[in-house]
Amino acid sequence: MGSGLSTAYPEMVDPINSALTGVGVGTLVRDIGMAMIPVHLSHSYESIIQILEVVVKLRQFDQAPYHSFLMMLIALLRNAQIQLPAPEPFRDQLAIECDPEQLEDGAAVDHRARARFERDRVFGRYATNIYFASWNMSTTEVAKTMEVDTEDVLFSWFKDDSEEHCPKFMVLLDHTHSSVVLIIRGTFCFKDALLDVVCEDAEFLDGFAHKGFIEGSRKVMDKCSKVLEDALIDHFGYQLVICGHSMGGSVATMITLEMLRSNRYQVLPPGISVRCVALGSAPVYRTEGDLCAQYLEKIDIYIYGTDVVPRLSLGSVAKLLAMLREVDGLALSLDEQLGVVMWREDETSESNRERVKRAVREVRQDRFLYLEHPGHVTSLTIQGDCVKVKGEGVEGARDIAANMEINETMITDHLHTVYRDAFGKQVFI
């Protein structure tokens, strides 16, 4: 390589325990020089550091020290994920959800996903506008931020109560869409969002669900059930729409599941339906067998780009740790690792690249069962000045929920401002 780089690791402190203080990354930079850090790593430096912090907090699942720098193991995993083929589509489901009218570039126009997106566009704005509305504003200012009249703001809970841990939320009327809308806010802190979604399961309905989101959903409903019931009676014929982004979307999903499948909340008048619009929400539920068709009809989940939160649960984190362990077990030297991630074309680097890819592909973990997205999942990507929408189908949604994808935009794609921008764009056709 001509850099005088040793083929063995220097004497190191535990890179896991030092990741938060920067020693692990600092040692790597000192040994090889910042100029030698691959471009995709330097561009995603902050994202990787935040993922490192989460991994460190989850080390109770896998406490043995790694032999390699954790940052390099993540880079190797990212390299392998780039090379691995995308999973085969679930053809029967795609046949149901997509109208295969072909574009010039060969991509199918998913008319059903497009129609759902247009229907849910206003609720996507509510789910992101609530972040601004929760900043200690007057009712008049809240209404202006949410783009409704002041008298249509029925209730808000924006209190900072560290002991109760009730998600912030509000209830408003949307007369244009004949809806009573319950909007639940996510968290401003991304680290909190990551830790919120990694939680133990608890029994829920006919399966299991994320324990923290179950508790959050019930705290919200304890405070607003009477408001919702009265509003739906006073405006008979209006539907109930529950929406939110990030943790707010996850809590919205949990409330909707209980309204659809249990008698816990007696707020819906006869003949009145409930729908959910969740943006960037985490996998929250699993059950034996297929998901209820009612969930796919009533719950819409939107995932932007490579947003990591919809891919994050105990099961997917455990799988990520298993992948890192397998890659570390290959015992590649630092120079060999750099050969892989910097795409050297010599025979040794090509061989090591295949070894890493094979190790990642063959990983299985069954210690923690995977949570799923109990609804219709639509992926959003930006195409020029437009947003492209695609229904994922059942198997595509399961694959998203089970696999964390290491990417430079995995954190920035989760921001509520990014979703707000996407929901404000015209649909690509």
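Remember, predicted model here, so these are calculated numbers, not experimental data.
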Verdict with reasoning, Tyr285 to Glu372, per side chain to side chain contact (heavy atoms under 4.5 Å, CB included): CA-CA 5 Å; Tyr285 179 69; Glu372 299 182 21; over 6 Å; no

What class does the angle between the rings of Trp135 and Phe132 fall in, given that below 30° is parallel, 30 to 60° is tilted and above 60° is perpendicular? perpendicular

Nearest atoms (heavy-atom pairs only) where [X] meets [Y]:
{"X": "Val427", "Y": "Cys386", "result": "C-CB, 4.2 Å"}
{"X": "Met221", "Y": "Met259", "result": "CE-CE, 3.5 Å"}
{"X": "Leu332", "Y": "Glu336", "result": "CA-OE1, 3.4 Å"}
{"X": "Ile214", "Y": "Ala209", "result": "CD1-CB, 3.8 Å"}
{"X": "Ser246", "Y": "His414", "result": "OG-NE2, 2.7 Å"}
{"X": "Thr287", "Y": "Asp206", "result": "OG1-O, 3.1 Å"}

Assess whether side chain to side chain contact (heavy atoms under 4.5 Å, CB included) is satisfied between Thr381 and Val387, documenting all intermediate values. CA-CA 6 Å; Thr381 53; Val387 61; over 6 Å; no

Does Cys292 have any side-chain contact (heavy atoms from CB on, under 4.5 Å) partners at least two apart in sequence or in another chain, and if so, which? Arg261, Gln294, Tyr295

side-chain contact (heavy atoms from CB on, under 4.5 Å) against Lys223, all qualifying residues, sequence neighbours excluded: Trp157, Glu164, Cys166, Phe169

Is a donor on one side and an acceptor on the other found under 3.5 Å between the side chain of [X] and the backbone of [Y]?
{"X": "Arg355", "Y": "Leu330", "result": "yes"}
{"X": "Arg286", "Y": "Pro374", "result": "no"}
{"X": "Asn403", "Y": "Asp399", "result": "yes"}
{"X": "Thr253", "Y": "Gly249", "result": "yes"}
{"X": "Arg353", "Y": "Val340", "result": "yes"}
{"X": "Glu405", "Y": "Met410", "result": "no"}
{"X": "Gln365", "Y": "Phe368", "result": "yes"}
{"X": "His177", "Y": "Ser179", "result": "no"}
{"X": "Asp328", "Y": "His67", "result": "yes"}
{"X": "Tyr419", "Y": "Thr128", "result": "no"}

Ring centres under 6.0 angstrom apart (Tyr302, Phe423):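 Yes, ring centres under 6.0 Å apart.
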
Separation between [atom1] of [X] and [atom2] of [Y], rounded to the nearest 0.5 Å:
{"X": "Leu172", "Y": "Leu182", "atom1": "CG", "atom2": "CG", "answer": "9.0 Å"}
{"X": "Met254", "Y": "Cys276", "atom1": "CE", "atom2": "SG", "answer": "10.5 Å"}
{"X": "Phe428", "Y": "Gln383", "atom1": "CZ", "atom2": "CD", "answer": "4.0 Å"}
{"X": "Asn79", "Y": "Ile74", "atom1": "CG", "atom2": "CD1", "answer": "13.5 Å"}
{"X": "Ile303", "Y": "Ser379", "atom1": "CD1", "atom2": "OG", "answer": "5.5 Å"}
{"X": "Ser217", "Y": "Ile184", "atom1": "OG", "atom2": "CD1", "answer": "8.0 Å"}

For the residue pair Asp413 and Thr306, confirm or rule out a side-chain donor-acceptor distance under 3.5 Å. yes

Is a side-chain donor-acceptor pair under 3.5 Å present for Ser316 with Arg311? no

Stepwise side chain to side chain contact (heavy atoms under 4.5 Å, CB included) check, Leu76 with Gln337: CA-CA 7 Å; Leu76 290 166; Gln337 291 175 356; 3.7 Å; yes

Report the C-alpha distance between Arg420 and Asn129 in whole Å, list the side-chain angles of each, state the deciding distance to 0.1 Å, and finish with yes or no for side chain to side chain contact (heavy atoms under 4.5 Å, CB included). CA-CA 8 Å; Arg420 187 175 188 272; Asn129 284 348; 2.7 Å; yes

I'd like to know if [X] pairs up with [Y] as an ion pair, taking the criterion as any Lys NZ or Arg NE/NH1/NH2 lying under 4.0 Å from an Asp or Glu carboxylate oxygen.
{"X": "Arg398", "Y": "Glu395", "result": "yes"}
{"X": "Lys390", "Y": "Glu392", "result": "yes"}
{"X": "Lys425", "Y": "Asp421", "result": "yes"}
{"X": "Glu258", "Y": "Arg218", "result": "yes"}

Take Asp335 and Ser333 through the side chain to side chain donor-acceptor pair (under 3.5 Å) test and state the conclusion after the steps. CA-CA 5 Å; Asp335 187 52; Ser333 70; 5.3 Å; no

Name of the residue among Leu73, Val327, Leu324 meeting side-chain contact (heavy atoms from CB on, under 4.5 Å) with Ser68: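 One option only clears the test, and that one is Leu73.
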
Indicate yes or no: at least one non-hydrogen side-chain atom of Val171 is less than 4.5 angstrom from one of Val181.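 Side chain of Val171 against side chain of Val181, heavy atoms only: no contact under 4.5 Å found.
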
Taking atom CG of Asp385 as the centre, report whether more than 12 heavy atoms of other residues, nucleotides or ligands fall under 6.0 Å from it. no

Are there over 12 heavy-atom neighbours, none belonging to Asp346, within less than 6.0 Å of that residue's CG? yes

Report the residues that fulfil ring pair (Phe, Tyr, Trp, His ring centres under 6.0 Å) with Tyr131, sequence neighbours left out, ordered by chain and then residue number. Phe188, His245, His416

Kindly indicate, with the supporting measurements, whether the criterion salt bridge (Lys or Arg N to Asp or Glu O under 4.0 Å) is fulfilled by Asp120 and Arg125. CA-CA 9 Å; Asp120 293 339; Arg125 290 204 305 271; over 6 Å; no

Between Ser349 and Asn352, does the side chain to side chain donor-acceptor pair (under 3.5 Å) criterion hold? Intermediate values first, please. CA-CA 5 Å; Ser349 296; Asn352 287 333; 5.7 Å; no

